[in-house]
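See structure below.
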2 protein chains.
Amino acid sequence: MKKAERLERLEDRLKDAGVLHLSDAASHLGVSEMTVRRDLASAPHLFSYLGGYILPAGSERSTYRLDAEADTHSEAKELACQKASRLVEPDDTIFIDCGTTTPRMTEYLPLSGKLTVITYAMNVAERVMKRPNTNLILLGGLFHASSQTFSGDEALRSVERLGISKAFLSAGGLHSQHGATCSNFHEVPIKQAVLARAGLSYLVIDSSKLEKIKPAFFATTDQFDDVITE
Amino acid sequence: MKKAERLERLEDRLKDAGVLHLSDAASHLGVSEMTVRRDLASAPHLFSYLGGYILPAGSERSTYRLDAEADTHSEAKELACQKASRLVEPDDTIFIDCGTTTPRMTEYLPLSGKLTVITYAMNVAERVMKRPNTNLILLGGLFHASSQTFSGDEALRSVERLGISKAFLSAGGLHSQHGATCSNFHEVPIKQAVLARAGLSYLVIDSSKLEKIKPAFFATTDQFDDVITE
DNA sequence: GCCGATATGTTATGATTCTAACAAGATTTG
DNA sequence: CAAATCTTGTTAGAATCATAACATATCGGC
């Protein structure tokens, strides 16, 4: 058995198991741990190796799943999104912000009528594109892994040419004195452009965000028509 | 600082970094490693912990299942993409077109260096965003489910402001007389804008496309520096 | 303030992982 | 066939990780 074959078997095995311990891999391949180490070192584009465990390459940067339970304050966010979705009418053109809260709205949006969803968040786009009877407009640009969003001048210009009936914004903090703030500065221009263009603007947050302050300020409290929490 | 806050900060940090060493996490949070261990143990649904390293939960399950077999001329496309990827150098800025062929290139691109990938195809973006050390620029706009792409004026204007060293285009047909054609008219403006801006342009197709004609014409054969097939 | 309960830090010990160096076997090449 | 090269295995010491036990600190009633 040659190195190439071992690498292939490792790859296959990883697709099933997800992670593999060095010692398991060694016995599975019938070679010493040292050989597996050397195999791994020779193919860093295929595998990641962390403290004795083998992973498929790139899984460190996996998309953040929004599985119902795999998130802090999950039930609160779910509830807030259900309430927010009730405000959407079948023929609206709505903006949905990034984060772990507002993307959940996609599950509760009305299916009748011709809804149009505008977003700059990948996790929102991925969900909306699978819906029937729904237009999706994604504001593109440079991708930021930290927030799963895009940023760029052209996106701002696009917003100015769109009609937005209702905007659903998210925030990392909402403070009575210091308004709405978020963690990433690149989100600020888009949020502000949307706020300026939207007919009605809502802030959708779970109550744990109240009275918190994050580094990037983007709006005062009175710029929102309503704040929706659980 | 309470446990809940530490967990949130860990989550944020992981979104950026992907993995985090126990000792880094401890110093980042200003607590002992033992406390971080205990925090992790109390929230196994949020994090995976392997040999001293913290990962987002579920990242072992990287489901990069390719539609590889569920596609015609699959091996031919795969081969063409491998050949095309060999033309890419570590610090290039490349454009990758839509379809079922060119998105496979993402698997073979070099991992060293700081690659930048420009695209208007959702299936390309979804793959590139999971790669480390890679910038992703998505040309946004209105989503077309038929080709999994976006279209819009702002995207065209974005292309004019980008420097593209190599462009990898796809086509539904390449005819000796009638040039390169595709099935969707909304792809034409982007393809043409990219052709006009790219340093080198390649057409990546499997040989079954040769001498075929599709409804939307977008380029003559001599506009490409090379045609890459299996 | 006092108390119990919970949270956090420290230490020590054993297990595991990492790395380098060398030896033995397999493969290529002239 | 023999030398050179590449591959693999073994060993040992250093570094790191895991776990438990205990000490200290903090918090929330009463």
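None of the values given here were measured: they were computed from a predicted structure. Chain identifiers are assigned alphabetically (A, B, ...) following the order of the sequence lines, protein sequences preceding nucleic acid strands; residue numbering begins at 1 within each chain.
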Open item on the list: For the aromatic rings, using the six-membered ring if either is Trp, is the centroid distance between B/Phe150 and B/Phe143 under 6.0 Å?
Closed with: yes
Open item on the list: Tell me whether A/Glu230 contacts the main-chain N or O of A/Lys77 through its side chain, where contact means a donor paired with an acceptor under 3.5 Å.
Closed with: no
Task: Between the first and last five pairs of the helix from C/dG4-D/dC27 to C/dG30-D/dC1, the angle of the axes, rounded to 10 degrees - done: 30°
Task: Side-chain donor or acceptor of B/Arg197 paired with backbone N/O of B/Leu162 under 3.5 Å - done: yes
- [ ] Can you check each nucleotide of nucleotides 16-28 of chain C against protein heavy atoms at under 4.0 Å and return B for base, S for sugar-phosphate only, - for none, in 5' to 3' order?
- [x] -SBBB--------
Task: Atom-to-atom span, CG of A/Asp39 to C1' of D/dG9 - whole angstrom - done: 13 Å
Open item on the list: Taking only side-chain N and O atoms of A/Ser32, does any of them lie within less than 4.0 angstrom of OP1 or OP2 on D/dG9?
Closed with: yes
TODO: Could you check B/Asn123 against B/Thr100 for side chain to side chain contact (heavy atoms under 4.5 Å, CB included), going step by step and ending with a plain yes or no?
DONE: CA-CA 9 Å; B/Asn123 49 7; B/Thr100 56; 5.9 Å; no
Open item on the list: Can you confirm whether A/Arg131 is buried at CZ, in the sense that more than 12 heavy atoms of other residues, nucleotides or ligands lie under 6.0 Å from that atom?
Closed with: yes
- [ ] Inspect the surroundings of CD in A/Glu8 and state if more than 12 heavy atoms from other residues, nucleotides or ligands are less than 6.0 Å away.
- [x] no
Open item on the list: Run the salt bridge (Lys or Arg N to Asp or Glu O under 4.0 Å) test on B/Lys114 and B/Asp91 for me, step by step, so that the C-alpha distance in whole Å, both residues' side-chain angles and the decisive distance to 0.1 Å come before the verdict.
Closed with: CA-CA 5 Å; B/Lys114 191 85 184 150; B/Asp91 290 309; over 6 Å; no
- [ ] Rounded off to whole Å, could you give me the CG-to-P distance for the B/Leu20 and D/dC17 pair?
- [x] 13 Å
TODO: With rounding to the nearest 0.5 Å, note down the distance linking CE in B/Met105 to OG1 in B/Thr119.
DONE: 11.0 Å
TODO: Whole angstrom is fine here: how far is it from NZ in B/Lys3 over to P in C/dG9?
DONE: 13 Å
